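Everything numeric here is computed off the predicted structure, so don't read it as measured data. Residue numbers start from 1 in every chain, and the chains themselves are labelled A, B, ... in the order their sequence lines are given, proteins ahead of strands.
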Number of protein chains: 2
Amino acid sequence: MEAKDAEGPAPDAGSRGGAGTAGTGGARPHTGRRRNEAARQAVLDAALRLLVESKGAPITVEAVARAAGVGKQTLYRWWPSKGAVLLDALTDRAGQDVPPPDTGSLREDLRTVVAATFAAAQRAPWAPALRTLVREAATDPHLAELLRAYTGTRRALLREVLDRGRARGELPADRDLDLLVDQVYGLFWYRFLLGHAPLDAAAAERLTDSLLGPAAP
Amino acid sequence: MEAKDAEGPAPDAGSRGGAGTAGTGGARPHTGRRRNEAARQAVLDAALRLLVESKGAPITVEAVARAAGVGKQTLYRWWPSKGAVLLDALTDRAGQDVPPPDTGSLREDLRTVVAATFAAAQRAPWAPALRTLVREAATDPHLAELLRAYTGTRRALLREVLDRGRARGELPADRDLDLLVDQVYGLFWYRFLLGHAPLDAAAAERLTDSLLGPAAP
DNA sequence: ACTTGACGAGACTGTCGGTCTCGTTAAAGT
DNA sequence: ACTTTAACGAGACCGACAGTCTCGTCAAGT
């Protein structure tokens, strides 16, 4: 491998400006060879490819390193665990969070968000990757934590939509919004992981109606 | 599955008792030493104990065998995989399926079933055991299948309640009952596995209201 | 007595996550 | 140019674990 180094944006680590040679503590200027950005990209590419190709089968670290043409140690130098690599690969490329819709109609906003969530997870290459990731998370506490953080932001987005709807009076003031959020994502993950029932636009429509009551004319 | 034995001993029944063996017996004559029922019990006891004690930590086959005072081979002679042992241990002792209530009121039946489900999973020793089991199922296809079958019967029970309610006219004829079932169990598993929100009687009450609409006076 | 097969014990195999070592190579300072 | 430093690819190595195989023993039936 050893591509001619793209010298991409430095990861983060040491700020090179520190002229002080500060011996005592903290930031020390960085000498020596720098991180190979091409290797990072190769790892993420390989991980994502394997994640997509493996239909539910587990991914091994060796497979990722081999497919990326990279030593295992390089991998562990920059990611704390296998799970971190996989999640990074998935989120790095994942369609990024669109701001939730705000049409003025709770029913419409909710249906849109739910349908978008369903569709995104079903979209071509992502489903097996996400399923594999969740599987790995079951035995990798590190990954589980990362995944929890990631889904937390999704939950917050949905919660915003509901809050706006309630502020507009489209929902009783005493309605349990956390329950509503959990009903949406509970159903989503349940069907996504078990795969026994569809997660399509029709399901999103019916779920919305079930949560808000039948549409008023 | 299963090594030799043309007999295909089901891991359940097993005629206890000593010589003579009151005759329910298999049609096929059996020579040689018989299965040690005490060993089977010891395995299930040990597995359940470890399952309960391990708060989410994985259970090893060796630990089960050692705790039961049993050789590993004995274990694999009667169960096809580690997961099968764990599930057997849990279901063997788990509160058995009560027939679903039939009070004539869908709302009441539904609330009862949901509350019972929530309560059963939260009851003292079961929660960590069940969580561990589901974790293992993520990497054990065999166990995943067994678990799917087990939960399938639970789903069917709930479905009966809903069918009766719809037959009584308490639900619109075009209501999607599979969606309702998935909403219940989706929320249940979601909260059970993540543990971020309670699964108590109040939650059951609110979920029921959410599914059926606010209670009519 | 003799056959059969389950038993406890534990050695063994294969897989995998993660670490360690080694010789090499790129970046920086001098 | 020379030296120092650290990242690099390769792969040996470790520890944990599921599952298999072997062995000597022991109980149930013939």
Check: Considering only side-chain heavy atoms of A/Arg33, which listed nucleotide, C/dA9, D/dG19, D/dA7, is closest?
Finding: D/dA7
Note to self: So if I take every side-chain heavy atom of B/Lys82 and compare against D/dC8, D/dA18, C/dG18, which nucleotide ends up nearest?
What the structure shows: D/dA18
Check: Is any side-chain N of the basic residue among B/Asp182 and A/Arg191 closer than 4.0 Å to the acidic one's carboxylate O?
Finding: yes
Next item on the list: Would you mind reading off the distance between B/Glu37 atom CD and C/dA6 atom P, rounded to a whole angstrom?
Entry: 14 Å
Check: Taking only N and O in the side chain of B/Trp78, is any of them less than 4.0 Å away from OP1 or OP2 of C/dC7?
Finding: yes
Note to self: I want to verify a distance call: between D/dA7, C/dA27, D/dG11, whose nearest atom is closest to the A/Gln73 side chain?
What the structure shows: D/dG11
Notebook entry, point to check: When you measure from every atom of DNA chain C, which of residues 56-71 of chain B have a heavy atom less than 4.0 Å away?
Noted result: B/Gly69, B/Val70, B/Gly71
Notebook entry, point to check: Can you check whether B/Ala204's main-chain N or O pairs, donor with acceptor, with B/Thr208's side chain at less than 3.5 Å?
Noted result: yes
Check: Given atom OH of B/Tyr76 and atom P of C/dG5, what is their separation to the nearest angstrom?
Finding: 24 Å
Next item on the list: Find out whether the Lys NZ or Arg CZ of B/Arg35 is both under 6.0 angstrom from the six-membered ring centre of B/Trp78 and within 45° of the ring's axis.
Entry: yes
Note to self: Taking 4.0 Å as the cut-off, does a side-chain nitrogen or oxygen of B/Arg34 come that near to OP1 or OP2 on C/dG5?
What the structure shows: no
Next item on the list: Measure the distance from CG on B/Asp140 to P on C/dT15 and round it to the nearest whole Å.
Entry: 18 Å
Checklist line | Lys/Arg N to Asp/Glu carboxylate O, B/Asp209 vs B/Arg111, below 4.0 Å | finding: no
Note to self: What is the separation between atom CD on A/Glu136 and atom C1' on C/dT15, rounded to the nearest whole Å?
What the structure shows: 14 Å
Check: Do the side chain of B/Lys72 and the base of C/dG8 come within less than 3.5 angstrom through a donor-acceptor pair of N or O atoms?
Finding: no
Item checked: Whole angstrom value for the distance that separates C1' of D/dC26 from CZ of B/Arg35 -> 18 Å
Next item on the list: Inspect the surroundings of CD in B/Glu62 and state if more than 12 heavy atoms from other residues, nucleotides or ligands are less than 6.0 Å away.
Entry: no
Notebook entry, point to check: Does A/Gln183 reach the main-chain N or O of A/Leu207 with its side chain, forming a donor-acceptor pair under 3.5 Å?
Noted result: no
Next item on the list: Look only at the side chain of A/Thr132 and the backbone of A/Pro128, and say whether a donor-acceptor pair between them is shorter than 3.5 Å.
Entry: yes
Margin query: Nearest whole Å is fine: how far is D/dG19 P from B/Leu143 CG?
Written below: 11 Å
Check: Closer than 4.0 Å, any side-chain N/O of A/Thr31 to the OP1 or OP2 of D/dT4?
Finding: no
Notebook entry, point to check: For the pair made of CG in A/Asn36 and P in C/dT24, what is the distance, rounded to whole Å?
Noted result: 19 Å
Check: To the nearest Å, how far apart are A/Arg135 CZ and C/dC16 P?
Finding: 15 Å
